[in-house]
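Have a look at the structure below before the remarks.
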Amino acid sequence: MEYDFKKIESKWQARWAKEKPFKPEENSSKPKYYVLDMFPYPSGAGLHVGHPLGYIASDIYSRYKRLKGFNVLHPMGYDAFGLPAEQYAIQTGQHPEKTTTDNINRYRQQMDRIGFSYDWDREIRTCDPGYYKWTQWAFLKMFSSYYDNKADKAMPVENLIAAFEKGGSAAVDAAHSDHKPFTAEEWKAFSEKEKSRMLMNYRIAYQGESTVNWCPALGTVLANDEVKDGLSERGGFPVEQKKMTQWQLRVSAYAGRLLDGLDNLDWTDSLKEMQRNWIGRSYGTEVVFNCINGKEEIPVTIFTTRVDTIFGVTFMVLAPESELVEKLTSDQQKAAVDEYLAQCKKKTERERISETKSVTGVFSGSYAINPLTNEKVPVWISEYVLAGYGTGAIMAVPAHDSRDYAFAKKFNLPIIPLIEGCDVSEQSFDAKEGIMCNSGFLNGKTVKEAIEFAKDYVEEKGLGKRKVNYRLRDAIFSRQRYWGEPFPIYYKDGIATPVPEDKLPLTLPEIDQYKPTETGEPPLARAKDWTFDGYPLETSTMPGFAGSSAYYLRYMDPHNDKALVDADVDKYWQNVDLYIGGTEHATGHLIYSRFWNKFLFDLGYSCAQEPFKKLVNQGMIQGRSNFVYRVVGTNKFVSLGLRDQYETQEIHVDINLVRNDRLDIEAFRNWRPEFKDVEFILENGEYICGWAVEKMSKSMFNVVNPDNICDTYGADTLRLYEMFLGPVEQSKPWDTKGIDGVNRFLKKFWKLFFDGENFSVSDEAPSAAELKVLHKLIGKEQSDIESFSYNTTISAFMIAVNDLIALKCNKKAILEPMVVLLCPFAPHISEELWEMLGHTEGITYATFPEYVEAYTVENNATYAVSFNGKTRFTVELPKSMGKDEVEAHVRGLEQTAKYVDGKSIVKVIVVPGKIVNIVIK
RNA sequence: GCCUUGGUGGUGAAAUGGUAGACACGAGGGACUUAAAAUCCCUUGGGCAGCAAUGUCCGUACCGGUUCGAGUCCGGUCCGAGGCACCA
């Protein structure tokens with residue numbers, strides 16, 4: 001009987017939809033396992049063949065874990081709020097909800113064809129009010145919390161207020177934005193509005209003014225990770241820096257925990273490293289320099305990681321945006337400084353980046369006193385110092401910092417070397433090595449000693465103190481857009497007030513147009529009666545990462561309307577055991593999610609410190625484009641191999657007209673009218689196309705749609721092939737060449753169960769050779785799946801099937817476990833064969849076959865290895881190996897060694913010492 | 001510039017320090033067939049010797065080291081990919 005994948009696949013997909021065998025058990029005594037895919041943004045283009053790569057990998061793992069006896073949670077949903085749907089809405093006037101729903105339906109249809117084992121009853125959409133109720137809820141929790149540095153966790157704002165009443169701002173050690181200190185009395189005397197403004201400086205979700213990435217073309221602010229090279233990630237529009245009051249999340253309060261938490265995660269080193277760099281912890285010192293502007297004395301705190309170089313300070317630099325600029329600008333220099341500031345302000349972020357190498361700056365007119373040497377150095381202003389990092393002011397040591405060096409050279413400032421023998425005539429000496437000189441009490445010490453010594457010294461003398469700084473900034477949390485979660489905040493007499501929890505969700509209002517208003521307000525300002533309790537509601541909405549930050553928790557308990565997740569349910573599922581998705585979320589979603597989870601953990605709503613235990617990054621699938629070569633100025637196309645003889649023009653050709661790089665000439669002529677009458681210069685009667693690996697995109701005619709593959713080869717073949725292409729983590733081009741190989745394998749496997757047209761398996765007991773084939777495969781699959789080496793598992797499967805064909809094996813005792821082994825990879829064909837083998841219950845409820853090593857071990861002889869007259873260890877070696885050969889292998893071994901016979905390898909530990917003699921038992 | 005990766009046939013790729021190139025594609029040859037498709041069998045890293053079975057040497061980007069033994073470990077160089085980039 002033919003392997004009719006179409007019939008088989010539609011039959012089982014219908015069955016799974018009806019019987020829902022992938023629902024996790026409630027109140028299960030089984031161990032849990034939570035496998036999660038990064039949910040997709042449903043774009044209008046639909047899925048291409050690259051999207052399912054990670055989904056297939058996670059599906060294989062989920063099915064495998066189920067067979068291994070785990071209670072598996074494997075859900076799917078949609079990250080449905082976002083810019084593209086809204087941009088489309090602005091152009092067409094169509095409600096983003098409509099396009100989003102259409103796209104979701106298409107995604108669902110495409111995913112269903114691949115046979116994923118999701119529990120679709122748990123589907124979530126971030127744009128669904130029942131879901132975003134909990135996004136808003138979490139925001140309110142952040143609004144009413146502050147970060148207590150002593151307890152190192154989030155606490156209710158009420159505690160803060162109580163502390164302020166007792167001892168003013170000094171009574172609390174909490175993460176906060178800059179503000180003037182106040183006493184308890186002052187606090188009590190504050191008006192409601194003043195109090196509320198002050199509390200904003202402490203809330204974890206807070207409103208604050210800061211320099212933001214403003215994208216005029218999109219009409220919204222963007223987070224740092226949404227900007228690449230000064231352009232918006234979506235759309236590629238220029239982004240400029242602008243001071244604005246925005247909702248923000250105090251992610252920076254969690255920087256230390258976010259960094260330290262990485263150590264215990266099973267993520268790749270490169271990804272952890274990316275997060276470490278993004279968080280950017282540096283241990284340094286804050287030192288106060290007294291500055292003099294005319295007669296006025298102003299203390300300025302700087303941050304440095306190299307206090308040991310303080311004797312080499314020859315000038316100081318302030319960021320142009322620093323508040324100190326005004327205070328430290330002398331009357332004479334005011335005009336020059338103002339001009340410089342105006343220049344800086346005009347630049348877009350992109351210009352700033354592209355002009356990275358040009359050095360600019362202006363002298364402020366003031367001088368700073370070096371607290372160690374009492375020397376007077378000039379204070380400069382330059383945009384190479386960032387306002388947002390450290391204190392926005394630095395001490396410049398041109399001899400040992402390349403940026404200070406460039407600045408000193410440009411403006412002819414002195415350079416004092418501090419390390420014996422270092423040459424600073426051409427460039428600065430940044431390395432932390434050598435012996436200190438010109439440095440007072442540090443002279444003669446190595447740089448490493450000096451770094452620590454100087455820190456201690458500065459602290460002891462009260463000149464400064466140690467400080468840990470992070471690069472991680474607070475996340476800008478508002479977007480001036482329509483298609484996002486509304487903030488549950490209204491403005492009562494100008495005071496930001498939370499909408500009560502029991503009034504959530506605050507649903508998105510209908511509006512007639514999705515553009516900003518004529519006065520530049522966000523689209524929500526167009527809504528009629530966008531008020532609460534008679535007061536105006538916030539008109540910006542939340543960014544994309546809001547809805548994706550805690551979705552993994554919601555999957556545990558998606559229909560609960562009392563809580564984000566029930567405490568007991570959360571206790572059972574804990575967190576995600578395996579998370580699969582792309583690296584592009586390294587510094588966005590994966591940071592925000594960890595932050596969000598830690599916050600919920602602090603409040604007791606999530607019971608795990610980290611959301612994602614193990615993370616696997618699937619590679620991207622690139623397109624493989626094909627080219628034809630037109631002989632310039634003619635109507636002729638020349639085949640790849642003969643192209644050098646002509647002057648040619650390379651033209652992308654639709655890959656659907658090409659098979660194994662051979663052009664279907666007739667199809668090409670019919671492709672477009674202008675190719676109707678073209679002629680071909682062939683080689684060996686065929687037209688060979690050129691090829692290149694490029695991004696999969698419509699314009700390059702190289703998009704492969706999974707639906708087409710399912711039509712011609714079936715979902716099982718697609719699944720196997722995507723995994724057979726290479727390691728999951730690796731990026732690779734899609735190349736339909738080779739798909740025949742896995743398709744052939746499935747057909748061969750199918751045929752093992754048939755004698756001509758009839759299903760026929762034998763009940764005979766299996767032979768040793770047959771058992772060996774089976775158990776080798778079980779062993780291989782078990783160890784390979786755990787390390788995501790799916791491609792080698794499939795290879796092992798192909799070998800096993802070839803072996804069984806050679807053995808003419810049709811025994812049930814071998815074939816039945818093989819079906820179970822194949823199920824994670826090719827579930828449809830496996831279910832069908834399982835049913836034919838007489839099982840009424842689906843293969844989902846089967847058990848992974850047990851590996852028996854005895855069946856796979858070669859028949860070896862045991863040798864005893866002795867030296868110094870004593871037998872020290874025994875070695876198993878194949879019988880075919882003679883005594884001399886064994887001796888040659890063993891002689892000289894001092895460590896762990898392995899012995900090889902044709903196939904099996906035996907491991908022995910060799911006791912150190914010289915081998916004198918080999919005794920064969 | 002810094003960090004993280006990777007470099008193996010015509011192609012995708014395998015190899016806990018132990019026969020490098022499994023498995024698959026492609027290519028070449030053959031069987032079946034009137035023919036094609038499908039299926040099956042053989043060859044397929046390179047050089048040299050041989051009618052042949054086979055033998056033999058060289059080969060995992062380059063140079064060096066550790067080891068009885070290195071694609072794998074260590075040091076250096078070159079090239080590619082990804083991330084960060086005035087973060088003091």
- With a 4.0 Å cut-off on heavy atoms, is A/K780 in touch with a base, just the backbone sugar-phosphate, or nothing at all? nothing
- Query: Taking CE from A/M723 and C1' from B/A13, how many angstroms apart are they, rounded to a whole number?
  - Reply: 15 Å
- Message: Does a side-chain N or O of A/N743 approach OP1 or OP2 of B/A24 to a distance below 4.0 Å, or not?
- Response: no
- Contact under 4.0 Å: A/T792 side-chain N or O vs B/C23 OP1/OP2: no
- Item | Separation between the C1' atoms of B/C42 and B/A53, rounded to whole Å | 15 Å
- Item | Whole-Å distance separating the NZ atom of A/K776 from the C1' atom of B/C23 | 13 Å
- Checking all strands, does A/D404 fall into the base, sugar-phosphate, or nothing category for heavy-atom contacts under 4.0 angstrom? nothing
- Message: Side-chain N or O of A/Y389 versus OP1/OP2 of B/A88: is the shortest distance under 4.0 Å?
- Response: yes
- Note on the structure: Sorted by chain and number, sequence neighbours left out, side-chain hydrogen bond (donor to acceptor under 3.5 Å, both in side chains) with A/Y721 holds for none
- Query: Nearest-Å distance, CG (A/L746) to C1' (B/A38)?
  - Reply: 16 Å
- Using the C1' atom as the reference point in each nucleotide, state the distance between B/C63 and B/C68 in Å, no decimals. 24 Å
- Rounded to whole angstrom, note down the C1' distance from B/G59 over to B/G47. 10 Å
- Item | ring-ring contact (aromatic ring centres under 6.0 Å, His included) evaluation trace for A/F407 with A/F315 | CA-CA 10 Å; A/F407 195 83; A/F315 57 101; 5.5 Å; yes
- Item | Rounded distance in Å between the P positions of B/C3 and B/U56 | 48 Å
- Base, sugar-phosphate, or nothing: which does A/I394 touch, judged by heavy atoms less than 4.0 Å apart? base
- Query: Using the P atom in both, what is the distance from B/C57 to B/U4, to the nearest Å?
  - Reply: 41 Å
- Side chains of A/T360 and A/E383: do they bring a donor and an acceptor to under 3.5 Å? yes
- Message: Within the 4.0 Å heavy-atom criterion, would you say A/S382 contacts the bases, only the backbone, or no part of the nucleic acid?
- Response: nothing
- Message: How many whole angstroms separate atom CD1 of A/I794 from atom P of B/C25?
- Response: 13 Å
- Item | Chi class for B/G55: syn within 90° of 0, otherwise anti | anti
- Query: Under 4.0 angstrom, heavy atoms only, what part of the nucleic acid is A/N469 near: base, sugar-phosphate, or nothing?
  - Reply: nothing
- Between B/A13 atom P and A/F797 atom CZ, what is the distance in whole Å? 23 Å
- Message: Without decimals, in angstroms, what is the distance between A/M620 CE and B/G83 P?
- Response: 9 Å
- Message: Quick check on RNA chain B: between A/I805 and A/V742, whose nearest nucleotide comes earlier from the 5' end?
- Response: A/V742
Side-chain donor-acceptor contacts of residues 793-800 of chain A below 3.5 Å, not counting sequence neighbours, with atom names and distances?
residue : atom : partner : partner atom : Å
A/T793  : OG1  : A/S789  : O            : 3.0
A/S795  : OG   : A/N791  : O            : 3.2

- Message: Can you confirm whether the side chains of A/S282 and A/Y389 place a donor and an acceptor under 3.5 Å from each other?
- Response: yes
- Item | Nearest to side-chain heavy atoms of A/M274, which nucleotide of B/A14, B/G26, B/G83 | B/G83
- Item | For A/T391, side-chain hydrogen bond (donor to acceptor under 3.5 Å, both in side chains) partners two or more places apart | none
- Message: Taking Watson-Crick (N1-N3 plus N6-O4 or O6-N4) and G-U wobble (N1-O2, O6-N3), each under 3.5 Å, can you produce the dot-bracket string of RNA chain B? Use [ ] for crossing pairs and | for inter-strand ones.
- Response: (((((((..(((.....[....)))((((((.......))))))(((((....)))))..(((((..]....))))))))))))....
- Message: Can you check the distance between B/C78 and B/G69, where both ends of the measurement are the C1' atom (answer in whole Å)?
- Response: 28 Å
- Determine the contact category for A/R744: base if any of its heavy atoms lies under 4.0 Å from a base atom, sugar-phosphate if only primed atoms, P, OP1 or OP2 are that close, otherwise nothing. sugar-phosphate
- By side-chain hydrogen bond (donor to acceptor under 3.5 Å, both in side chains) - contacts of A/E273 (at least two apart): A/R276
- Message: With a sphere of 6.0 Å drawn around CD of A/E729, does it hold more than 12 non-hydrogen atoms of other residues, nucleotides or ligands?
- Response: yes
- When the C1' atoms of B/G45 and B/U34 are considered, how many whole Å apart are they? 41 Å
- Task: Indicate for each nucleotide in nucleotides 2-12 of chain B, in 5' to 3' sequence, whether protein heavy atoms under 4.0 Å reach the base (B), only the sugar-phosphate (S), or nothing (-).
- Result: -SS-------B
- Item | Whether over 12 other heavy atoms sit under 6.0 Å from A/E786 CD | yes
- Query: With rounding to whole Å, what would you report as the distance between B/G46 and B/U60 at their P atoms?
  - Reply: 15 Å
- Query: How close or far is atom P of B/G83 from atom CH2 of A/W267, stated in whole angstroms?
  - Reply: 17 Å
- A/E452 with A/R466: basic N within carboxylate O range, under 4.0 Å: yes
- Item | Value in whole Å for how far the P atom of B/C86 lies from NZ of A/K409 | 23 Å
- Message: For a quick check of understanding: with a heavy-atom distance under 4.0 Å over all strands, which category does A/R473 fall into, base, sugar-phosphate or nothing?
- Response: base
- No-hydrogen, no-angle side-chain donor-acceptor test under 3.5 Å, A/D474 and A/S252: yes
- Task: Please examine the side chains of A/L53 and A/K732, heavy atoms only from C-beta on, and report whether any two atoms are closer than 4.5 Å.
- Result: yes
